Amino acid sequence: MIIDEDLLLENGAICEDYEPKTILFKEGDSPHYYFQIISGTVELNNYHEDGKEFTFNILSAGQSIGESLLFSDNNYPMNAVVKTRSQILKLPKSVFLDLIRKDQDITLNFFRCLSDRLYYKYIMLFNNSSADPLTKISCLLNYFKGFSGDKGQFTYHVPFTRQQIANLTGLCVETVIRSIKKMEKQNVVRITNRKIYY
DNA sequence: TCATTAAATTTTA
DNA sequence: TAAAATTTAATGA
C-alpha cells in the first residue's frame with residue numbers, strides 16, 4: 001500500500017464504490033484527485049485510431065491511479081476504467097500535495113512507488129519491442145508474479161484474461177491463446193480450468 | 001509466423 | 001439467460 005488508508009480518510013479522502021465500466025478519468029482530463037484502490041481492479045488504457053485497445057497497466061488493491069500526473073500540468077494521457085466492482089479512495093490534489101509536503105515518510109514511500117512504476121515501464125517498453133510473442137508473455141507473467149511475492153512454481157494464478165494479456169502485450173487474443181498453449185507444452189505454465197498458473 | 005475474421009462453445013454475472 | 005470470455009478454423013500479409 002502506498003499511503004495508509006486511515007491517514008487518507010483523516011485528511012478528508014472520500015471512499016466511493018464503483019461499478020465495472022465506470023470511467024474515473026479519461027484522456028485529456030486534468031488531474032484533480034489522488035486515487036487509491038481499496039478493493040477491485042482498474043485498467044489504464046488508450047485506444048488506437050482503429051479502435052484497438054492498448055492497456056498500460058492493470059491496478060489492484062493498495063495501488064494508486066495516475067499518481068505521476070499530480071505533479072505537473074499535463075493532462076491524463078490515458079483512460080482509467082473500473083473493471084471489477086471497486087472501492088476507491090479519492091483525495092483532492094491540493095490536500096494530497098500538502099500531505100507530501102508535510103510528511104517525509106509519506107514522501108519517501110511515495111517515491112519508492114513511483115520508482116516501481118517507472119521500473120515497470122522500462123520492463124514493459126523493452127518487452128513490447130520484442131518480436132517473439134512467447135518472450136513477451138512470459139516476461140509479463142514474470143513481472144506480475146514477482147510483484148505478487150509468490151515464489152513457487154505453478155502456484156501463481158495469473159489474474160488476467162487472455163484478452164487482457166493481449167491488450168497488455170499488443171498481441172491478438174488468438175496468438176495469446178496459442179502461445180500460452182505452447183508454453184504449457186514447454187512446461188512454463190500450467191492450465192487448470194482455463195486458469196493460467198505460472 | 002502472426003493478424004484478422006468468423007463462428008461455436010463455455011463461463012460468468 | 002444475455003453478455004463476456006475462450007477456443008478453433010480458415011485466410012491473408
Side-chain angles (χ1 to χ4, degrees), chain A residues 5 14-27 29 35-63 65-66 76-90 120-150 152-198:
Chain A
E5 287 168 6
I14 305 164
C15 175
E16 290 193 272
D17 278 307
Y18 295 94
E19 293 298 321
K21 295 182 188 168
T22 309
I23 295 169
L24 290 174
F25 55 77
K26 57 181 192 301
E27 182 184 5
D29 285 356
F35 295 97
Q36 186 169 309
I37 305 174
I38 294 180
S39 65
T41 52
V42 175
E43 219 172 76
L44 294 182
N45 64 23
N46 215 327
Y47 295 89
H48 288 105
E49 281 90 28
D50 59 4
K52 204 167 116 181
E53 178 182 335
F54 180 80
T55 305
F56 291 103
N57 206 343
I58 297 175
L59 306 167
S60 51
Q63 295 184 290
I65 307 163
Y76 287 120
M78 75 305 213
N79 312 295
V81 187
V82 175
K83 297 309 278 188
T84 63
R85 251 185 77 82
S86 301
Q87 282 190 303
I88 298 169
L89 287 167
K90 228 169 109 172
Y120 168 79
K121 289 287 160 211
Y122 283 122
I123 301 267
M124 288 304 285
L125 192 57
F126 178 65
N127 189 25
N128 281 339
S129 72
S130 161
D132 176 33
L134 263 66
T135 311
K136 282 187 172 187
I137 297 173
S138 47
C139 181
L140 179 81
L141 297 188
N142 208 41
Y143 175 79
F144 277 96
K145 177 170 178 166
F147 184 76
S148 81
D150 199 331
Q153 200 181 19
F154 307 130
T155 51
Y156 174 61
H157 170 215
V158 179
F160 307 130
T161 66
R162 284 145 178 80
Q163 182 64 63
Q164 286 177 317
I165 295 174
N167 291 340
L168 281 162
T169 51
L171 300 165
C172 69
V173 208
E174 293 83 348
T175 304
V176 172
I177 290 166
R178 277 189 285 267
S179 302
I180 298 270
K181 282 182 178 170
K182 202 180 277 181
M183 287 164 72
E184 190 191 23
K185 280 196 190 124
Q186 294 174 358
N187 225 23
V188 180
V189 297
R190 196 155 285 171
I191 303 172
T192 317
N193 291 329
R194 297 181 172 203
K195 296 183 191 339
I196 305 164
Y197 293 90
Y198 178 70

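The chains referred to below are lettered A, B, ... by the order of the sequence lines, with proteins before strands, and numbering in each begins at 1. Note that the structure is a prediction, hence the values are computed from the model and not measured.
- Here A/Lys90 pairs with A/Glu16 under the salt bridge (Lys or Arg N to Asp or Glu O under 4.0 Å) rule; sequence neighbours left out.
- Summarising the geometry, the separation between CD1 on A/Ile180 and P on C/dA5 is reported as 16 Å, rounded to the nearest angstrom.
- Taking every side-chain heavy atom of A/Cys172 into account, B/dA3 is the closest of B/dT12, B/dA3, C/dT7.
- A/Thr84 places a side-chain N or O within 3.5 Å of a backbone atom of A/Thr41 that can act as its donor or acceptor partner.
- DNA chain C is contacted by A/Thr161, A/Arg162, A/Gln163 of residues 157-167 of chain A, taking any non-hydrogen atom closer than 4.0 Å.
- Sorted by first and then second residue, the salt bridge (charged side-chain N to carboxylate O under 4.0 Å, His left out) pairs involving residues 155-165 of chain A (not counting sequence neighbours) form an empty list.
- If you take CG of A/Leu171 and C1' of B/dT1, they are 12 Å apart, rounded to a whole angstrom.
- Partners of A/Tyr120 by side-chain contact (heavy atoms from CB on, under 4.5 Å), not counting sequence neighbours, listed by chain and number: A/Asn57, A/Met124, A/Tyr143, A/Phe144, A/Leu168.
- In this structure, the CG atom of A/Asn193 is 18 Å from the P atom of C/dA5, given to the nearest Å.
- The side-chain contact (heavy atoms from CB on, under 4.5 Å) check on A/Ser39 picks up A/Gln87, with sequence neighbours excluded.
- In this structure, the side-chain contact (heavy atoms from CB on, under 4.5 Å) partners of A/Ser138, at least two apart in sequence or on a different chain, are A/Met183.
- Residues passing the side-chain contact (heavy atoms from CB on, under 4.5 Å) test with A/Lys195 are A/His157, A/Tyr197, sequence neighbours excluded.
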Tabulated below should be each protein N or O lying under 3.5 Å from an N or O of nucleotides 6-9 of chain B; please produce it.
none

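- Using a 4.0 Å cut-off between charged nitrogen and carboxylate oxygen, A/Arg85 and A/Glu19 count as a salt-bridge pair.
- Phosphate proximity of C/dA4 to A/Lys21: present, with a side-chain N or O under 4.0 Å from OP1 or OP2.
- The NZ atom of A/Lys52 sits 11 Å away from the P atom of B/dT5 (whole-angstrom rounding).
- Partners of A/Glu53 under the salt bridge (Lys or Arg N to Asp or Glu O under 4.0 Å) rule, at least two apart in sequence or in another chain, do not exist in this structure.
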Are there any protein N/O atoms within less than 3.5 Å of an N/O atom in nucleotides 10-13 of chain C, and if so, which ones and at what distance?
none

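- Residue A/Lys83 contributes atom NZ, which lies 13 Å from atom P of B/dA13 at whole-angstrom precision.
- Across residues 129-139 of chain A, not one residue has a non-hydrogen atom less than 4.0 Å from an atom of DNA chain C.
- The NZ atom of A/Lys195 sits 5 Å away from the P atom of B/dT12 (whole-angstrom rounding).
- A/Leu140 and A/Asn127 make their closest contact through N-ND2, 3.9 Å (heavy atoms, listed as atom of the first residue, atom of the second, distance).
- Legend: residues meeting salt bridge (Lys or Arg N to Asp or Glu O under 4.0 Å) with A/Lys26, ordered by chain and number and at least two apart, are A/Asp29.
- For the pair A/Lys145 and A/Tyr198, the distance from NZ or CZ to the six-membered ring centre is under 6.0 Å and the angle to the ring normal is within 45 degrees.
- Remark: of the listed residues A/Ile58, A/Val158, A/Thr169, A/Ile58 is the sole one forming a side chain to side chain contact (heavy atoms under 4.5 Å, CB included) with A/Gln164.
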